[in-house]
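Okay, structure first, notes after.
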Amino acid sequence: MKKNNFLSIRRLVFTLVVMQLGFLVLIGKLFTIQIPNADDTFAMRKDWRSNENRVVKRGKILDTHGSVLSISLDTIAVFADPKTFNRKSNAHTVAAELAPILDTPRQELLKHLKKKRNGEYVEFVWLKKDIKYEKLDEIKEITRKHRGIRVEIEPKRVYPNDTLASQVIGYLNDLNEGEGIEYQYDNYLQRVHRPIQDRNRQLTSMSLSTQKLGNNGCNVVLTLDQVIQDIAEKEIAQGCKDWNAPKGTAIVLAVDTSEILAMASYPTYDVNDQTNADEEAKRNLGIWYLFEPGSIFKIIATSAVLNEGIMTPESTVFCENGRYRLANRRVIKDVSSKGWLSLTSVIQKSSNIGMIKIVQQLGPSLLQTYVDDFGFGEKTGVDLPYEKSGSLYALRHWDVNSLGSVPFGQGISVTPLQMVNALAAIANGGTLHKPYITKEIRDAHGNLVKKNGPIVLRRVLQPFTARQMTEILIGVVEQGSGTRAKIEGIKVAGKTGTAQKAEKGKGYAAGKEVMSFMGFLPADDPKIAIIVTLDEPKGARFSGTIAGPVFKRIAEQTLKHTKQTGFFDNRQKRQTVSQKNIVDAKTNRTSKDTTYSTKANLETKDRSNDQTRSLIKETDTNSENVIVKTGVSL
């Protein structure tokens with residue numbers, strides 16, 4: 001009997017010990033959940049849209065000069081607990097006090113304060129949200145007098161310029177889905193990041209570890225110039241309205257770096273009201289819109305035959321007097337009858353038959369090589385979401401039908417950014433760059449976190465070939481199909497393009513065309529490349545008539561702005577981020593004459609970094625609760 005009692009006591013003691021150990025393990029687990037590891041603190045910041053007390057305030061998006069394009073401002077939300085409130089205060093009195101402050105009718109507030117469910121007062125009701133921060137003291141005075149009235153500070157994302165660059169800036173919704181820079185760089189905008197070791201400022205590890213990071217997300221500085229962006233948006237919108245085109249796009253590129261200075265899409269929308277906007281208006285057509293380029297694509301095959309030494313600008317082809325029957329009996333027609341034309345004239349008069357003859361001499365294999373080298377058929381890698389790569393199906397599966405379409409830009413699809421970036425390679429002497437739209441990312445103190453710069457992908461043309469192409473394209477504007485893009489006193493190199501639109505299962509649709517003009521200027525010292533594309537315009541037959549004048553207006557105003565601001569003054573070619581020599585796509589040899597000099601450029605970067613850091617600090621001053629809408633005009 002005593003033995004059994006002893007065994008029962010031992011079992012009880014063992015059970016209690018096991019339970020205590022289990023309880024301690026549970027306590028430890030709860031502790032690790034509630035108290036995160038210090039290394040993970042940056043990964044656990046609260047969402048910027050949360051109504052709870054947030055840790056990080058979302059960073060700004062700025063243009064290249066530091067002008068605010070997107071900012072988070074503190075706004076006030078007032079709510080009430082009718083169940084508590086109606087036991088302690090007079091609803092009529094409080095409604096009368098709040099009405100003028102909240103700019104809300106007294107009866108509407110009274111309705112909320114007296115709200116009931118199943119015969120009892122509810123415990124929560126919003127009185128008003130998105131109240132200006134300046135009214136905080138007045139509202140707090142009322143909350144101190146009346147229990148059951150509460151005030152909450154919550155962030156609101158504000159876009160001061162409404163529709164300006166809306167497709168580029170984008171948005172982020174409550175499901176962490178969105179568009180543009182807001183979506184692409186959410187990790188930087190939303191979180192605090194330590195600055196990198198900036199060799200120009202000689203930051204030490206000690207200064208990095210002791211520096212106060214603060215509670216603001218990083219600021220993203222774009223390559224966009226808001227004045228040039230405004231010009232591009234207004235002119236492409238006007239062009240689409242003038243010619244009844246449902247959509248269109250315009251891109252302005254710096255030819256020496258492929259920095260995107262403007263990327264405009266029509267139609268557009270107000271980012272402040274994105275939930276009510278048409279989904280089509282949110283598309284960034286510069287990278288999302290696929291189209292058959294038409295005659296602007298002729299620059300690729302022409303560059304190839306010159307670069308390979310197969311033809312010269314004076315080499316001639318017979319254009320069959322305007323009608324050419326292919327082996328499959330399909331007839332290709334030119335707009336007008338043409339006989340023997342030089343290669344230069346084929347481009348200037350935009351002869352489709354002439355281009356077929358040129359490609360026959362080049363051969364499909366070399367054509368495909370150059371199309372690939374110029375970056376078609378793959379994404380450019382620009383730092384924006386949802387970029388499309390295009391299709392080269394007719395080129396990859398070459399047959400007689402390909403011969404009757406690809407040489408003049410049909411049977412394939414490209415994006416406007418791919419097309420203007422290829423043109424920029426001709427303008428800058430033959431090197432293809434990776435386009436980019438974000439210049440740098442800095443913390444709230446102006447310290448550099450991430451730096452973007454020009455990246456040379458490869459050399460696609462020899463400098464001599466690029467100069468030959470430039471002269472040919474100058475002729476297009478001076479005496480060819482692009483005369484309406486001519487600018488007094490400025491040499492412009494450009495190309496027109498009209499392409500039929502295909503409908504699924506029906507072939508090419510009559511009367512439905514995409515019209516484009518792209519060019520660069522000044523042609524004798526290229527600074528900017530521009531493409532203008534209008535979808536299904538009506539009222540004229542030729543792209544030179546429709547797209548040429550839109551290009552001209554954008555080019556004239558942009559050039560004027562850059563001269564007035566000294567945008568390109570003393571601008572030197574910068575060392576590429578990859579730190580590599582340019583690789584010749586034809587010979588696979590490094591071109592010693594094209595490597596970038598860095599010594600003087602580092603001094604330029606120092607000044608640029610200091611200026612940007614100063615601009616960010618200036619926009620921080622009094623910008624938390626006050627925004628001045630930017631007006632841009634020329």
Please list, one pair per line, the donor and acceptor atoms closer than 3.5 Å that link side chains of residues 488-495 to other protein atoms, with sequence neighbours excluded.
unit_1	atom_1	unit_2	atom_2	d
Lys495	NZ	Ser350	OG	3.0

For the NZ atom of Lys563 and the NZ atom of Lys527, what is their distance to the nearest 0.5 Å?
9.5 Å
For residues Leu164 and Val271, determine if any side-chain heavy atom of one lies less than 4.5 Å from a side-chain heavy atom of the other.
no
Return yes if some donor-acceptor pair links the side-chain N/O of Asn219 with the main-chain N/O of Lys60 below 3.5 Å, else return no.
yes
Find the distance between CD (Glu440) and SG (Cys218) and round it off to the nearest 0.5 Å.
11.5 Å
If you take all heavy atoms of Ile472 and Thr344, which pair is closest and at what distance?
CG1-OG1, 3.8 Å
What's the spacing between Leu253 CG and Ile528 CD1 if we round to 0.5 Å?
10.0 Å
So does Ala394 get a backbone contact from the side chain of Ser402, meaning a donor-acceptor N/O pair under 3.5 Å?
yes
Taking all non-hydrogen atoms of both residues into account, name the closest pair between Cys319 and Ser351 and its distance.
SG-OG, 3.6 Å
Set out, in order, the CA-CA distance, both residues' side-chain angles and the distance that settles side chain to side chain contact (heavy atoms under 4.5 Å, CB included) for Val359 and Phe408, then state yes or no.
CA-CA 10 Å; Val359 169; Phe408 44 88; over 6 Å; no
Are Phe520 and Asn428 packed together at the side-chain level, in the sense that at least one heavy-atom pair is separated by less than 4.5 angstrom?
no
Main-chain N/O of Ser389 paired to Gln418 side chain as donor or acceptor, under 3.5 Å:
yes
Identify the residue among Ile231, Asp230, Thr562, Ile228 that makes a side chain to side chain contact (heavy atoms under 4.5 Å, CB included) with Gln557.
Ile231
Less than 4.5 Å apart, any side-chain heavy atom of Leu473 and any of Leu423?
yes
Donor-acceptor pair, Gln167 side chain versus Glu179 backbone, under 3.5 Å?
no
With side chain to side chain contact (heavy atoms under 4.5 Å, CB included) as the test, pick out the partner of Ile260 among Ile287, Leu417, Thr438.
Leu417
Distance in Å, Ile356 CD1 paired with Leu326 CG, rounded so as to fall on 0.5 Å steps
5.5 Å
Donor-acceptor pairs under 3.5 Å, side chain of residues 262-269 to any protein atom, not counting sequence neighbours: which ones?
unit_1	atom_1	unit_2	atom_2	d
Ser265	OG	Leu285	N	3.0
Thr268	OG1	Ser166	OG	2.8

By side-chain hydrogen bond (donor to acceptor under 3.5 Å, both in side chains), Tyr289 pairs with (sequence neighbours left out) Asp535
Distance only, no hydrogens: is a donor on one side chain within 3.5 Å (strictly under) of an acceptor on the other, for Thr223 and Thr64?
no
Which heavy atom of Thr465 sits nearest to which heavy atom of Ser303, and what is that distance?
CG2-O, 3.7 Å
In the structure I gave you, are the side-chain heavy atoms of Ser413 and Tyr393 within less than 4.5 Å of one another anywhere?
no
Contacts satisfying side chain to side chain donor-acceptor pair (under 3.5 Å) that involve residues 544-554 (not counting sequence neighbours) are Glu235-Arg553
Run the numbers on Ser258 and Leu432 for side chain to side chain contact (heavy atoms under 4.5 Å, CB included), then give the verdict.
CA-CA 9 Å; Ser258 284; Leu432 185 74; over 6 Å; no
Quick check: do Val317 and Gln360 have side-chain heavy atoms less than 4.5 Å from each other?
no
For a side chain to side chain contact (heavy atoms under 4.5 Å, CB included) check, start with the C-alpha distance between Leu384 and Ile181, then their side-chain angles and the critical distance, and finish with the verdict.
CA-CA 7 Å; Leu384 284 168; Ile181 295 296; 3.8 Å; yes
Rounded to the nearest 0.5 Å, the NZ atom of Lys298 sits from the CD1 atom of Ile300 at a distance of 13.0 Å
N/O donor-acceptor pair under 3.5 Å between Ser543 side chain and Gly497 backbone:
yes
Measure across Ala165 and Gln229 and return the closest heavy-atom pair with its distance rounded to 0.1 Å.
CA-NE2, 3.7 Å
Closest non-hydrogen atom pair, Tyr185 against Val220
CB-CG2, 4.1 Å
Side-chain donor-acceptor contact under 3.5 Å, Asn421 with His433
no
Asp334 versus Tyr324: any side-chain heavy-atom pair under 4.5 Å?
no
Taking salt bridge (Lys or Arg N to Asp or Glu O under 4.0 Å) as the cut-off, I'd like each qualifying pair that reaches into residues 342-358, sequence neighbours left out, listed once.
Glu320-Lys357
Answer whether the closest heavy-atom distance between the side chains of Glu478 and Gln348 falls below 4.5 Å.
no
Do Thr483 and Lys486 have side-chain atoms, one donor and one acceptor, less than 3.5 Å apart?
no
Just grab all the salt bridge (Lys or Arg N to Asp or Glu O under 4.0 Å) pairs involving residues 382-405, residues at least two apart or on different chains.
Asp372-Arg396
Can you check whether Glu292 reaches Phe297 side chain to side chain, under 4.5 Å on heavy atoms?
no
Would you compute the distance between atom OH of Tyr386 and atom CG of Asn284 and round it to the nearest 0.5 angstrom?
12.0 Å
Smallest separation among heavy atoms of Lys501 and Glu536, with atom names
NZ-OE2, 2.8 Å
Check against side chain to side chain contact (heavy atoms under 4.5 Å, CB included), Gln410 and Tyr508
CA-CA 10 Å; Gln410 300 272 187; Tyr508 289 108; 3.4 Å; yes
Anything under 30° is parallel, anything over 60° is perpendicular, the rest tilted; go ahead and classify Phe551 against Phe517.
tilted
Does Lys282 have more than 12 heavy atoms from other residues, nucleotides or ligands lying within 6.0 Å of its NZ?
yes
Result of checking Ser391, Ser405, Pro293 against Ile412 for side chain to side chain contact (heavy atoms under 4.5 Å, CB included):
Pro293
